[in-house]
Structure formats: structure tokens, C-alpha cells
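Chain letters run A, B, ... following the sequence lines, proteins first, then strands; residues in each count from 1. Predicted model only: the values in this text are computed from it and were never measured.
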Number of protein chains: 2
Amino acid sequence: MIDETDRKILRLLQENARMTNKELAAKLDLSITPVYERVKKLERKGYIKGYSARLDHEKIGKGMMVFMHLKLQVHTHENIRHVIEEVDHLEEVMECYHVTGETDYLLKVMVKDMPAYETFVVEKLTKIKGIANINSSIVMSTVKSTTSLDV
Amino acid sequence: MIDETDRKILRLLQENARMTNKELAAKLDLSITPVYERVKKLERKGYIKGYSARLDHEKIGKGMMVFMHLKLQVHTHENIRHVIEEVDHLEEVMECYHVTGETDYLLKVMVKDMPAYETFVVEKLTKIKGIANINSSIVMSTVKSTTSLDV
DNA sequence: TATGAAATCTGCGGAGT
DNA sequence: ACTCCGCAGATTTCATA
């Protein structure tokens, strides 16, 4: 199990994954060695799965975000497996979840702009066999977006 | 503008933000100095917004994810501002978008489990004035989840 | 906790395009 | 002017006691 000090480390590394052990130690009022060992332990035990750079979507040409609700035609094991496999390969699909409710799957899609979105839908998504229905919610603005969980 | 070398750096840092300049240099067939300068430039120009540790949701007690579609009662400027402000403060809300379609806002919510989810809905979300309707999609499984954009 | 060697970071001078 | 390289002092990492 992890204690409050570990949780503080996780909080700080969520905000800035490149913070040095020295900086962490200063904020936690510890010496460098125990911090170093705690971070290694958190990585080893899988609490920390990795470290990512957060990029500016607009600047790198992914200014458009769309949430797409997919409904399957038939819920056979084979059809589900096929759709999942195809969706998984699409680079525009950042996230895909099997959800409860009206629809079966929820996709977060990121593309450059509206023409790119149309191409994605026409050339890729609708070519996948087994999808009965697509309902899209285009993101007009981001009210909140964080990757930092409340540890 | 950024070139192919910069894009490679972005790709690599999206996968592992803690990669050293030495490692980056080896993969890019460059010496350490230009890599160092390019990374600093990408940070300075805002292509890189920061670095985050990716945590294991289950392990840190956020095993349940729910997408919530909110519809507002009235779309006055004042009501919108109020709802946005309240939602922004909720630690369970990881993301909130203003979207097109049937509903007004889409929220990604992360909580420990079903009781925690119920508490969140009853004690926090439904106490916000101005929300007419909530439609929830509970995540049963994650088919795909990546933070790495196709740079 | 503290020490110290190894690795890495980081800024500068300089060369090539 | 831009991007590269190598050098060297400062800083950080990480094993050891």
C-alpha cells in the first residue's frame, strides 16, 4: 500500500513528470534518497504506468475533437471483435470505451479540421462492417481538461 | 515551424517524457546539444505544454469512469457561466466539453466505484442549479486509450 | 542520512551550410 | 542566420555504507 508521502509524489509527478528527485525532496521535506526509492517503487508496482509529454492540439494540427457514439448492427461475439479490432487501428481514435446506455461504444476522435473529419468518417469509420449507427458530438470548446487524478 | 526532427522528438516524448536527451540523440542520430536546444524550443514555443505521469486508475482508487451528457435548462449567458464555473471545481470531472448535438455538455467523470458515483451525482452534480437533464454512459471496459497524438 | 562516482544537463565557442 | 558539434562546469542520479 501507499502512504500520504507516496500520494504527494504522485500528485507532483502528474503535474510535472520531469520534476527532479531533488525538487521533489525539497517539496516533501525529505532527502533525495528516500524520494528516489519511492518513485522507483511506484513505477515498479505499477502505480505509475509511464510519463507523457502534453502537446498543444492546435499547434500540431489536431485542432478538432469529436465524440462519436457507435451502435452495432448485431451483438455477436464475432462482430464485436471485428469492430474493436478495426477501431483500435485508427490513429484518429484516441479513446474507445464500451459503455452502457443507448449506444454501444464511445470514441474520442482527434483530427485536423472538418475536411479531415469528413475524410475520417467516409474513408475509415463507415468502411468498417458491423456498425449500425453513428451519432457525433463535435467539441465546440473545452471547459475543462486535466490528466491529474485526485490521488 | 517545426520539421521532421522536431516531430520525432514530440513522438518520443509523448511515449516517454522522461527520456534523456542522450537517448533522444541516439534515436535521432544527432549529438546531445541540438536535441537539448530543440526540446527547449518546443517547450518555449508551446508545442509541449508540460509533462505528466500516467497513473493506474484502479490502483489509486479511480476505477470507475462515466461519461455524462448535460442539458441546460435555459441557455442564458448567466446560466452557462454558472454551470461551467461549478463543474470546473469538481475534482471528479476530468474533462468537460461544450458539444454540438442533442446535449450541451459532455463530462468525463472518474470516481472510485458505484457508491462514490452515486454520491457525486446526488451530492454534487444535481445540486448545481440550471441543469435540466443528465444522461450517463458508464464505461464497462476500455477498448483503447492513448495520449499520444499522431504528430 | 550522507557520501561519492557516474551519468546527465546546459551554456558557450566554433565550424559548416 | 541556422543548425550542428565538442567541450567543460554544474547538477542529478543512484549505489553504497
B/Met1 vs B/Asp6, test: side chain to side chain contact (heavy atoms under 4.5 Å, CB included). Steps then yes/no. CA-CA 9 Å; B/Met1 246 338 87; B/Asp6 288 325; over 6 Å; no

Is it possible for you to say whether A/Met94 and B/Met94 belong to one hydrophobic cluster, with membership spreading through side-chain heavy-atom contacts below 4.5 Å?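 Yes; tracing contacts between hydrophobic side chains, which count when under 4.5 Å, links both residues.
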
With a 4.5 Å cut-off on side-chain heavy-atom distances among I, L, V, M, F, W and Y, is there a chain of contacts connecting B/Phe67 to B/Leu125? no

Closest non-hydrogen atom pair between A/Ser136 and A/Tyr117, with its separation: OG-OH, 2.8 Å

For a quick test of reading the model, state the closest non-hydrogen atom pair linking B/Met68 to B/Val121 and the distance between them.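 The answer is CE-CG2, 4.0 Å.
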
Using a 3.5 Å cut-off on both pairing distances, which stems of three or more Watson-Crick or G-U pairs include DNA chain C? C:1-17 with D:1-17

Can you establish whether the number of heavy atoms outside A/Glu23 located under 6.0 Å from its atom CD is more than 12?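 Atom CD in A/Glu23 is crowded, with more than 12 foreign heavy atoms closer than 6.0 Å.
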
Going by heavy atoms closer than 4.0 Å, what residues in residues 36-53 of chain B are next to DNA chain D? B/Arg38

I need the residues from residues 2-32 of chain A with at least one non-hydrogen atom less than 4.0 Å from DNA chain D; give them sorted by number, or say none. A/Thr20, A/Asn21, A/Lys22

Could you check whether any side-chain N or O of B/Asn21 sits under 3.5 Å from a backbone N or O of B/Val35, counting only pairs where one atom can act as donor and the other as acceptor?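 Not confirmed, B/Asn21 side chain does not pair with B/Val35 backbone.
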
Selection residues 83-92 of chain B - residue pairs positive for side chain to side chain donor-acceptor pair (under 3.5 Å), sequence neighbours left out: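 Those involving residues 83-92 of chain B are B/Glu92-B/Lys124.
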
Ignoring hydrogens and angles, state whether a donor on the side chain of A/Ser148 or A/Glu15 is under 3.5 Å from an acceptor on the partner side chain. yes

Taking only residues at least two apart or on different chains, which pairs with a member in residues 139-151 of chain A satisfy salt bridge (charged side-chain N to carboxylate O under 4.0 Å, His left out)? none

Where does the angle between the aromatic ring planes of A/His69 and B/His69 fall among parallel (under 30°), tilted (30 to 60°) and perpendicular (over 60°)? tilted

Check this for me, if you would: do B/Lys41 and B/Glu37 make a salt bridge, where the nitrogen-to-carboxylate-oxygen distance has to be below 4.0 angstrom? no

Can you give me the first and the last nucleotide of DNA chain C (5' to 3') that has an atom within less than 4.0 angstrom of a non-hydrogen atom in chain B? C/dT8 to C/dC12

